[in-house]
J.: 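Pasting a structure here, questions to come.
Nothing here was measured: the structure is a model prediction, and the numbers come from that model. All heavy atoms count here, side chains included; hydrogens, waters and symmetry mates do not.
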Amino acid sequence: MVVNLTELKNINKTYSELQCFFPAYHILSILLRDTSIKIVICEKGCDTSKNARKINEQCFTLKKPTNVRGRKLDLMLVYDDIVLCSAEWKSMASSRAAIMKQFVKNLRVNNCILHELREHLDDDNTIILGMDWKGLLGYSYCMKMIDKVMVLKETCKLFLPQDKCEFEDFSDTVASLIQFKAHYVDMTKKVKVKISKHRRERFYDEQFNITPTNSRSPSPHIFFTPKRPTTTRQHGE
């Protein structure tokens, strides 16, 4: 952090979203490097949101859903192909409207992730932690489903320092990120146990014709905007 302080100090409204993203990404990479958690960045859409969008298309359109894609995200934490949470970034120049649009998108995606995690862990008390950032400022929050209502609570205001005088206040951000890591390390331990259990159950179901294990509803009851047409109509003159 001290070595890169000059670079951080130069970040302003002229910097792109990607330039604002990488400082926080590097900190998370260092924080999670001794774990089995994989950081996926800007690579692919979130499969959990893809599943939810398929259900949306089936319920609200007459056509059979085709070519449905998951929402693309700046960062996801993944363990053994299971998404644990998502986080999003915007540049410092982004408008309030753009920030709110991103916030709502990330909430929808994290709600879908929470739905699948509750199913994987068979635990309705599952909580996930998420993050949203604008430039070098952000916040973390916890999300939990209570009586079929998604409840959200901010846990910490986050920032990356641009001057040595901010290091003392930065301790709260460091503590929050350490808690963020501890939460997901603990979750991966539970997920590992459940994955092994589900693997055994599938084997018994397939090999011994045991009554298949009942599963929860596949829908997280989250509405995504419909898929936009990808072709344009040709109009004759």
J.: Are the side chains of Leu129 and Ser140 in contact, using a 4.5 Å heavy-atom criterion?
T.: no

J.: Quick check on Glu168: does its CD atom have over 12 non-hydrogen neighbours (other residues, nucleotides or ligands) under 6.0 Å away?
T.: no

J.: Could you tell me if the side chain of Ile41 sits less than 4.5 Å from the side chain of Met76, heavy atoms only?
T.: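 Of all side-chain heavy-atom pairs linking Ile41 with Met76, none is under 4.5 Å.
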
J.: Can you name the closest pair of heavy atoms from Ala24 and Trp89 and give their distance?
T.: CB-CZ2, 3.6 Å

J.: Could you check whether any side-chain heavy atom of Leu8 comes within less than 4.5 Å of a side-chain heavy atom of Pro23, counting everything from C-beta outward?
T.: yes

J.: A side-chain contact here means heavy atoms from C-beta on lying under 4.5 Å apart; do Leu75 and Phe21 qualify?
T.: yes

J.: Counting C-beta onward and ignoring hydrogens, is there a side-chain heavy-atom pair between Leu32 and Lys38 closer than 4.5 Å?
T.: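 Result no, sub-4.5 Å side-chain heavy-atom pair not found.
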
J.: Can you tell me if Gln179 has over 12 outside heavy atoms packed within less than 6.0 Å of its CD?
T.: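 It does not: Gln179 CD has 12 such atoms or fewer within range.
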
J.: Whether the side chain of Asp123 engages the backbone of Arg118 through a donor-acceptor N/O pair (distance < 3.5 Å, no angle test) should be reported.
T.: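 It does not hold such a pair.
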
J.: Do Trp133 and Ile99 sit in the same hydrophobic cluster, where Ile, Leu, Val, Met, Phe, Trp and Tyr count as joined when their side-chain heavy atoms come under 4.5 Å apart?
T.: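 Unlinked, Trp133 and Ile99 end up in two clusters.
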
J.: Does Asp34 form a salt bridge (charged side-chain N to carboxylate O under 4.0 Å, His left out) with Lys181? I'd like the steps, not just the answer.
T.: CA-CA 11 Å; Asp34 61 340; Lys181 172 187 176 179; 3.0 Å; yes

J.: With a 4.5 Å cut-off on side-chain heavy atoms, are Met92 and Ile11 touching?
T.: yes

J.: Flag yes if Leu136 and Phe22 sit in one hydrophobic cluster, no otherwise; membership is Ile, Leu, Val, Met, Phe, Trp, Tyr, and two members link when side-chain heavy atoms are under 4.5 Å apart.
T.: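 Per the 4.5 Å side-chain linkage, Leu136 and Phe22 are co-clustered.
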
J.: How long is the gap from CE on Met131 to CG on Asp74, to the nearest 0.5 Å?
T.: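 Separation between the atoms: 11.0 Å.
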
J.: Please tell me whether Leu152 and Tyr184 are part of a single hydrophobic cluster in this structure, the criterion being side-chain heavy atoms less than 4.5 Å apart.
T.: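 Same cluster: Leu152 reaches Tyr184 through Ile, Leu, Val, Met, Phe, Trp or Tyr contacts under 4.5 Å.
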
J.: Would you say Leu160 ends up clustered with Leu137 if hydrophobic residues are merged whenever their side chains have heavy atoms under 4.5 Å apart, either directly or through other cluster members?
T.: yes

J.: Do Asn10 and Tyr15 have side-chain atoms, one donor and one acceptor, less than 3.5 Å apart?
T.: no

J.: Do Ser91 and Ser16 have side-chain atoms, one donor and one acceptor, less than 3.5 Å apart?
T.: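 Checked: Ser91/Ser16 side chains show no N/O donor-acceptor pair below 3.5 Å.
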
J.: Examine distances only and state if a side-chain atom of Asp163 and a backbone atom of Cys165 form a donor-acceptor pair shorter than 3.5 Å.
T.: yes

J.: With side chains defined as the heavy atoms from C-beta onward, is the minimum distance between Ser171 and Thr173 less than 4.5 Å?
T.: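 No, every pair of side-chain atoms sits at 4.5 Å or beyond.
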
J.: Any side-chain heavy-atom pair from His120 and Ile195 closer than 4.5 angstrom?
T.: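 Of all side-chain heavy-atom pairs linking Ile195 with His120, none is under 4.5 Å.
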
